[in-house]
Each structure stands twice: as C-alpha cells, then as structure tokens.
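Before any comments, here is the structure.
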Amino acid sequence: MAASDRLHAVGPGWHPLLLRLHERLLAVGSDYRIEDLKEKLGEVRTHVTAPSATARSEMRGLITEAEKQSATICEFCGGARAPAGDASMPQ
C-alpha cells in the first residue's frame with residue numbers, strides 16, 4: 001500500500017508532505033509498501049518495506065527527512081508551527 005492510499009491515517013495538514021514523500025519513494029522503488037503510517041509525539045511516523053536493502057536504506061533517509069519536516073507543520077491545517085523542544089514533555 002502506498003502513502004497516497006493511507007492518507008486517512010493522519011490529518012489533512014500533512015497530506016501534501018506525504019504526497020511529496022510518496023513521489024520521492026516511487027523514484028527509489030515503485031514496489032515499496034507502507035506498513036504503518038501514524039502520528040506520534042507531534043510528528044508523522046512512517047514504516048515501509050521494500051524488496052532490496054539498498055532501497056530500504058535510501059527510503060529510510062527520505063522518511064526521516066519527512067518526519068522531521070512534519071514537526072514544523074500543523075497536522076490539521078498545514079500551517080507552520082514551531083517544533084517541540086522536548087517531545088517527551090506535554091505541550
């Protein structure tokens with residue numbers, strides 16, 4: 001299942017970010033699969049599988065970048081927000 005098929009799992013503010021991530025993941029390997037997509041501690045969390053270890057490694061870098069970007073985007077409206085200083089502390 002691709003990112004575009006799992007958008008319902010998170011708020012609409014992150015949809016553009018995830019669609020861009022989907023395009024970048026497709027460029028690495030069109031046969032990737034989203035195993036989990038959710039919000040955790042104010043950031044999007046994405047877990048994928050891909051047939052080759054090389055593709056998984058490259059995808060992991062793209063996913064990490066998107067997860068960090070999600071911390072600066074409101075999950076619901078897509079507006080800018082300050083990243084949390086300490087994710088373990090309630091906001």
Side-chain angles (χ1 to χ4, degrees):
M1 189 173 288
S4 57
D5 298 328
R6 299 287 301 265
L7 291 178
H8 66 278
V10 297
W14 285 342
H15 291 184
L17 173 68
L18 292 170
L19 290 172
R20 285 190 303 274
L21 175 62
H22 171 66
E23 292 300 319
R24 295 178 77 190
L25 293 174
L26 284 175
V28 174
S30 61
D31 48 359
Y32 83 93
R33 180 176 171 87
I34 297 279
E35 296 298 327
D36 193 23
L37 177 67
K38 62 185 176 185
E39 179 279 333
K40 185 172 182 180
L41 300 174
E43 294 181 14
V44 70
R45 291 290 192 258
T46 308
H47 300 277
V48 303
T49 57
S52 78
T54 303
R56 281 190 303 274
S57 177
E58 192 172 342
M59 287 177 180
R60 184 73 242 154
L62 297 172
I63 290 166
T64 298
E65 182 181 320
E67 289 175 347
K68 287 178 183 176
Q69 288 176 359
S70 73
T72 65
I73 300 168
C74 174
E75 178 183 2
F76 301 102
C77 74
R81 71 176 179 97
D86 181 357
S88 65
M89 299 296 292
Q91 303 247 340

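Reckoned from all heavy atoms, side chains included, excluding hydrogens, waters and symmetry mates. As the structure is a computational prediction, the values presented were derived from the model and not from experiment.
- Between the side chain of E35 and the backbone N or O of H47, no donor-acceptor pair lies under 3.5 Å.
- Counting non-hydrogen atoms of other residues, nucleotides and ligands closer than 6.0 Å to CD of Q69 gives a total above 12.
- When all heavy atoms are compared, the tightest approach of M59 to A50 is SD-CB, 4.0 Å.
- Scanning all heavy atoms of the two residues, the minimum distance from K40 to R45 falls at CB-CG, 3.6 Å.
- Here K38 pairs with D36 under the salt bridge (Lys or Arg N to Asp or Glu O under 4.0 Å) rule; sequence neighbours left out.
- With values rounded to the nearest 0.5 angstrom, R20 atom CZ is found 13.5 Å from W14 atom CH2.
- Counting heavy atoms from C-beta on, the side chains of H22 and Y32 come closer than 4.5 Å.
- The CG atom of L18 lies 8.0 Å from the CD1 atom of I34; values are rounded to the nearest 0.5 Å.
- No donor-acceptor distance shorter than 3.5 angstrom exists from the side chain of R33 to the backbone of T49, with no hydrogens or angles considered.
- With rounding to the nearest 0.5 Å, the separation of OG in S70 from CG in L41 is 10.5 Å.
- Separating the NE2 atom in H15 from the CD1 atom in I73 is a distance of 12.0 Å, to the nearest 0.5 Å.
- Here the side chain of S57 pairs no donor or acceptor atom with the backbone of T54 at under 3.5 angstrom.
- Put simply, V10 and F76 are part of two different groups of oily side chains (I, L, V, M, F, W, Y) that touch within less than 4.5 Å, one to the next.
- When all heavy atoms of I63 and T46 are compared, the closest pair comes out as CG2-O, 3.6 Å.
- Applying the side-chain contact (heavy atoms from CB on, under 4.5 Å) test to L62 and every residue at least two apart in sequence or in another chain returns L21, R24, L25, V28.
- The shortest heavy-atom contact between E39 and G42 is OE2-N, 2.6 Å.
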